[in-house]
Amino acid sequence: MVDRDAPIGIFDSGLGGLTVARAVLDQLPHEPIAYFGDTLRAPYGPRPIAESRRFSLECLDQLVEYGVKVLVIACNTASAAVLHDARERYDVPVVEVIRPAVRRAAATTRNNIVGVISTAGTYRSRAYIDAFAAAPAIRVVSQPCPRFVEFVESGVTGGPELLSAAHEYLDPVVRQGVDTLILGCTHYPLLTGVISYVVGDLVTLVSSAEETAKDVYRVLASREALRSHTAPAPEHEFTTTGDPAQFARLARRFLGPEVADVHLHTRRASS
């Protein structure tokens, strides 16, 4: 029997998954979350896929041990690397971020040209190309944007250096005629301002956060695992493998007052 009061487990290699956490908190306000950010080893994007898979499973193991009722892989690189393994490994349902974004983009595009910006790891995995296989009429324009994660993890969401990088990455995508752009990394919604400015108003941005939160709701509802709206106010747990003070400072900036104490996780099998 599912413990309805158990938390929703959310994992990311760093801070980007907080965009998914925000959407989950907005759509399921009675649910507690347990967030695990592997900031010490972030970013995963430049790492070999096998290494990202190993790190991801270590972190997901911790959330399962904590007693979550559903796992959310709030990281595109990790979703591409570990989704199949995770669904075989754990008894709890696993929700990822790639297919929800693909479904929304396919329903949104008007000219069937969809751009995908992502980390290098997600780009190499071709996870989005594979996910669009069911919509062969759509042409996918992929572009890795490796420095975007570095900007977000440093708390930089504006300025001339970021704008220059955005033009470098996005101008070639816009020239391909895309009318819809998937933000294929959960860090990227935190850069929506500069991305929107560079691609222009005619390009619709698709973030997986809202669609992923809807999937979480559907999974819990189908399992009759939603927490009662009469239950006490939920308490959220945040854990990081990096500097808790730095994580808390940036997380409160991006997520809000829901971030109280941040705990340091020190048991790691590898680094």
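Note that the coordinates shown come from a computational prediction; the quantities given were computed from them, not determined experimentally. The chain is numbered in sequence order, starting from 1.
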Linked, directly or transitively: Leu83 and Val64 (ILVMFWY side chains, under 4.5 Å): yes
Salt bridge (charged side-chain N to carboxylate O under 4.0 Å, His left out) between Arg147 and Glu161, intermediate numbers included: CA-CA 10 Å; Arg147 295 185 64 201; Glu161 187 177 3; 2.6 Å; yes
Side chain to side chain contact (heavy atoms under 4.5 Å, CB included) between Leu25 and Leu255, worked out: CA-CA 10 Å; Leu25 289 172; Leu255 184 60; 4.2 Å; yes
Aromatic plane relationship, His167 with Tyr197 - under 30° parallel, 30 to 60° tilted, over 60° perpendicular: perpendicular
pair Ile33-Pro7: side-chain heavy atoms closer than 4.5 Å: no
Side-chain heavy-atom pair Pro146, Glu150 within 4.5 angstrom cut-off: no
Separation between NE2 of His263 and CD of Glu237, rounded to the nearest 0.5 Å: 3.5 Å
Presence of salt bridge, Arg227 and Glu31, under 4.0 angstrom: no
Over all atoms of both residues, closest heavy-atom pair of Ser208 and Thr186: OG-CG2, 4.3 Å
Minimum heavy-atom distance Cys59-Tyr44, with the two atoms named: SG-OH, 4.0 Å
Leu60 and Tyr90: CA distance, side-chain angles, deciding distance, side chain to side chain contact (heavy atoms under 4.5 Å, CB included) verdict: CA-CA 9 Å; Leu60 293 169; Tyr90 306 117; 3.3 Å; yes
Val114 side chain near Val141 side chain, heavy-atom distance below 4.5 Å: no
Reported CZ-to-OG distance for the pair Phe55 and Ser13, which is rounded to 0.5 angstrom: 11.0 Å
Nearest-0.5 Å distance, SG of residue Cys145 to OH of residue Tyr188: 4.5 Å
Common cluster, Val216/Val2, ILVMFWY with side-chain heavy-atom separation under 4.5 Å: no
Pair Thr108, Thr204: side-chain N/O donor-acceptor within cut-off below 3.5 Å: no
Arg126 atom CZ: more than 12 heavy-atom contacts under 6.0 Å: no
Plane angle bin for Phe11 and Phe36 - parallel if under 30°, tilted between 30 and 60°, otherwise perpendicular: tilted
Note, Asn111 side chain near Val178 side chain (heavy atom, < 4.5 Å): no
Thr77 versus Ser52, side-chain donor and acceptor atoms under 3.5 Å: no
Listed partners of Glu88 passing side chain to side chain donor-acceptor pair (under 3.5 Å), at least two apart: His84
Stepwise side chain to side chain contact (heavy atoms under 4.5 Å, CB included) check, Tyr123 with Ile117: CA-CA 8 Å; Tyr123 176 81; Ile117 56 174; over 6 Å; no
Any side-chain heavy-atom pair of Arg4 and Glu224 under 4.5 Å: no
Ile8 side chain near Val72 side chain, heavy-atom distance below 4.5 Å: yes
Worked check of side chain to side chain contact (heavy atoms under 4.5 Å, CB included) between Val203 and Thr180: CA-CA 5 Å; Val203 178; Thr180 304; 5.8 Å; no
Donor + acceptor pair across side chains of Thr157, Arg253 (<3.5 Å): yes
Under 3.5 Å side-chain donor-acceptor pair for Thr122 and Thr119: yes
OH/Tyr217: more than 12 non-hydrogen atoms of other groups inside 6.0 Å: no
Backbone N/O of Gly16 and side chain of Thr19: donor-acceptor pair under 3.5 Å: yes
Val156 reachable from Tyr169 in the ILVMFWY side-chain graph, under 4.5 Å edges: yes
Distance-only donor-acceptor check, side chains Thr241 and Asp38, under 3.5 Å: yes
Cationic N near anionic O, under 4.0 Å, Arg89 to Asp61: yes
Side-chain donor/acceptor of Asp215 to backbone N/O of Val95, under 3.5 Å: no
Nearest-0.5 Å distance, OG1 of residue Thr212 to CD1 of residue Ile10: 10.0 Å
Pairwise distance CG(Leu250) to CD(Glu153) - rounded to 0.5 angstrom: 7.5 Å
Heavy-atom pair of closest approach, residues Ala127 and Ile98: CB-CD1, 3.6 Å
Side-chain heavy atoms of Glu168 within contact of Gln143, under 4.5 Å: no
ILVMFWY network linking Leu162 to Val199, side-chain heavy atoms under 4.5 angstrom: yes
Closest non-hydrogen atom pair between Gly14 and Thr39, with its separation: CA-CG2, 3.7 Å
His229 side, atom NE2; Leu28 side, atom CG - distance, nearest 0.5 Å: 14.5 Å
Cationic N near anionic O, under 4.0 Å, Asp85 to Arg53: yes
Beyond-backbone contact of Leu205 with Ile195, side-chain heavy atoms, under 4.5 angstrom: yes
Same cluster (ILVMFWY, side-chain, under 4.5 Å), Val94 and Tyr66: yes
Asp12 to Gly17 - nearest heavy-atom pair and separation: OD2-N, 2.8 Å
Val82 to Ser56 - nearest heavy-atom pair and separation: CG1-CB, 4.0 Å
Residues Asp179 and Thr109: side-chain donor-acceptor under 3.5 angstrom: yes
salt_bridge(Asp243, Arg249) N-O dist < 4.0 Å: no
Cationic N near anionic O, under 4.0 Å, Arg41 to Glu58: yes
